[in-house]
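Structure first, commentary second.
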Amino acid sequence: MDEDIIIGSGPAGAAAAEALLDRGRRVRMLDVGETLEPAREAVRLSLAGAKPAAWDAGALDDFKRARPAAKTDTMRPYGSDFPFRDAVDFFGPEGRPDWLFLKPSFALGGLSNGWGASVLPYREEDISDWPAAARALAAHYAAVAAFVPIAANPDPLEALFPMLSISDDRSLPLTSQGQAALARLEKRRERLAARGLHFGRARQAVEASGCERCGLCLYGCPYRLIFSAKSHVERLVRERGLDYRPGAEAVRILEGSSGVTVATRDPRSGETAEHRGARVFVGAGVLPTARLMLASLGAEGKAVRLKDSTHFFVPMLHAWAPRPDPVAEPRHTLTQLYLEILDAAVNARTVHFQVYAYNDHYAEDMRARFGRLAPLAEPLIAAMSRRLMVAQGFLHSDSSPEIEIRLAGGAEPRLAFALRRNEETGPAIARAVRKLAPLVVPSGLLPLLPLVRPAEVGSSYHCGGTFPMREAPSGLESDPLGRPAGLKRVHIVDASVFPSVPATTITLTVMANAHRIASAAPAP
Ligand SMILES: Cc1cc2nc3c(=O)[nH]c(=O)nc-3n(C[C@H](O)[C@H](O)[C@H](O)COP(=O)(O)OP(=O)(O)OC[C@H]3O[C@@H](n4cnc5c(N)ncnc54)[C@H](O)[C@@H]3O)c2cc1C
């Protein structure tokens, strides 16, 4: 049998497909495959067909209309909820627990339809608990960077993150706020490094050369310059013969001596089918993968632990005058800068910050906080939102809560969730903020300490570790090729197999690891 099966069309599935097609395999990709509604796509196209200066104000308003609320996970790209639409009734009648902010995606392209596009490789020091084979990611970061555009420039961050080398300047232009902050930090670089704070320009999965600086990144790039696995999968279908099958929710995997069988169900019609292949690569995203694997392994009653990389917000006002006016300035609204704390007294692992400059959600969020007093506070809101920069901090999973997941009983395989708090999370955030604040104040960034707040469990979407890779796996652990103990032809390729989740961005490593597994999986 020369055909392999991939489950899921998100970043993990797309990277696995790339590697398998490179090996000359025929590949069938099974996906639920939700897409943007045609009416919303039409609005996007009407903007994409022109430069921002020529945009019709009505079309722009329509595009922005369904803007997200303040929470990061309620991003509505192009005004649609399609990346988060629960097309398969995943949570059932009980719904998602109210403390759990992680949601599955059932879209073509998965969560990469509405992500922040921040990309960094992991530091080897942060994955010292991974099996040696799984840590050998450098070649696979390079392979992924060959098909994912990475907006970056060679800078001192490279010394910290040597697994991905950046040879030329393909960065997104910083906004004036980003430039000013970087220049001010730059003056103190050596002193800051000596005290454990390192920094550089943010790196994003964006085709920077086409950026019109229209400020719509957080609404969905009208020009589709932000990488989404959707575009990549569509290209693999067009150019390399990937057999993409939407409307196919994988519900069970059965491994036999000569191949695998994946049972699917069409969520709309209820129609069922069976797909046979030599091997299967599971990239359904951590929650759907947990359900599929627990059901397929007959693991009723057994629990797995999902590790979160907790995040928190540090709002900062900048001391310098906001000139030019950030509201009117052409800009992108993705992360501007990365700050990294490397100090064992703060955390045994890297603490990572992503610094955002002005975006038009700031004033709206402040208005929402002021409530009925917002009209009176308008001058204050206008002044503060123009000086606000928000550092979003991330901790390694060692310092973060875990989510216990097991199969609940009943006719439909549903998941039951229990929160396992980590007593270390609060103190670890406090230590990181206490470290950061005095180091950035001399550069004119004034953290608003009373407004520092942790985000909800799972809302970073940097989660994994349910079927962790081990040198010698047992129980529900996986081997370094993502195979749960006992299986030979079933490889999990999403973050479910990460033994731990470092603070730096997750998706580039999800893709590199999927690429590594699909490249190294033994030939059938
Ligand atoms: C608001 C937001 C911002 C983010 N920002 C960043 C960031 O800046 N940097 C970063 O590194 N990461 C970020 N992330 C996280 C990033 O999006 C995920 O890490 C990434 O998408 C995971 O890829 P995946 O392929 O494993 O899963 P997903 O993207 O979840 O894709 C899962 C795929 O599997 C399919 N599927 C699910 N169940 C089944 C089934 N049973 N059968 C068949 N198909 C199935 C779905 O249709 C989908 O195609 C962000 C996420 C969000 C929501």
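Note that the structure is predicted; figures quoted are calculated from it, not measured. Counting starts at 1 for both ligands and their atoms, in listed order.
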Give the atoms of ligand 1, by number and element, whose distance to some non-hydrogen atom of G283 is under 4.0 Å.
32 (C), 33 (C), 34 (O)
Any L292 heavy atom less than 4.0 Å from ligand 1:
no
Does ligand 1 have a heavy atom under 4.0 Å from the side chain of A117, from its backbone, from both, or from neither?
backbone
Between F313 and H311, ring centroids under 6.0 Å
yes
Which of the numbered atoms in ligand 1 are under 4.0 angstrom from any heavy atom belonging to T507?
10 (C), 11 (O), 12 (N), 13 (C), 15 (C), 16 (C), 18 (C), 19 (O), 20 (C)
Tell me the contacting part of A248 for ligand 1: side chain, backbone, both, or neither, using a 4.0 Å heavy-atom threshold, strictly below.
backbone
Among the heavy atoms of H462, does any lie under 4.0 Å from an atom of ligand 1?
yes
Using a 4.0 Å cutoff against the non-hydrogen atoms of F106, which atoms of ligand 1 qualify?
37 (C), 38 (N), 46 (C), 47 (O)
Residue G285 vicinity, atoms of ligand 1 by number, heavy atom under 4.0 Å
27 (O), 30 (O), 32 (C)
Beyond-backbone contact of F353 with V314, side-chain heavy atoms, under 4.5 angstrom:
yes
Would Y461 and W115 count as a close aromatic pair, with their ring centres under 6.0 Å?
no
Closer than 4.0 Å to some heavy atom of Y461 - which atoms of ligand 1 meet that?
15 (C), 51 (C), 52 (C), 53 (C)
On a heavy-atom basis, I'd like to know which of A12, A87, G114, A15 is closest to atom 25 (O) of ligand 1.
A12
Consider every N or O of L508 and every N or O of ligand 1, then say whether any pair is closer than 3.5 Å.
no
Where ligand 1 meets D31 - atom numbers and elements under 4.0 angstrom, heavy-atom basis:
35 (C), 43 (C), 44 (N), 46 (C), 47 (O), 48 (C), 49 (O)
A495 contact mode with ligand 1 (heavy-atom cut-off under 4.0 Å):
neither
Side-chain (D479) to main-chain (R470) donor-acceptor, under 3.5 angstrom:
no
What part of F84, side chain from CB on, backbone N/CA/C/O, both or neither, has a heavy atom under 4.0 Å from ligand 1?
side chain
Donor-acceptor pair, S112 side chain versus A229 backbone, under 3.5 Å?
yes
Around E41, counting heavy atoms of other residues, nucleotides and ligands shown, do more than 12 lie under 6.0 Å from its CD?
yes
Do any N or O atoms from the side chain of S9 and from the backbone of G109 form a donor-acceptor pair under 3.5 angstrom?
yes
D126 versus T504, side-chain donor and acceptor atoms under 3.5 Å:
no
Tell me the contacting part of R291 for ligand 1: side chain, backbone, both, or neither, using a 4.0 Å heavy-atom threshold, strictly below.
neither
Side chain or backbone, does L108 bring an N or O within less than 3.5 Å of an N or O on ligand 1?
no
Report the part of L30 (side chain from C-beta onward, or backbone N, CA, C, O) that has a heavy atom under 4.0 Å from ligand 1; answer both or neither where that applies.
backbone
Is the Y78 ring parallel, tilted or perpendicular to the F63 ring (thresholds 30°, 60°)?
perpendicular
Y122 side chain to F161 main-chain N or O, any donor-acceptor pair under 3.5 Å?
no
Where on P288 is there a heavy atom closer than 4.0 Å to ligand 1, on the side chain, on the backbone, on both, or on neither?
side chain
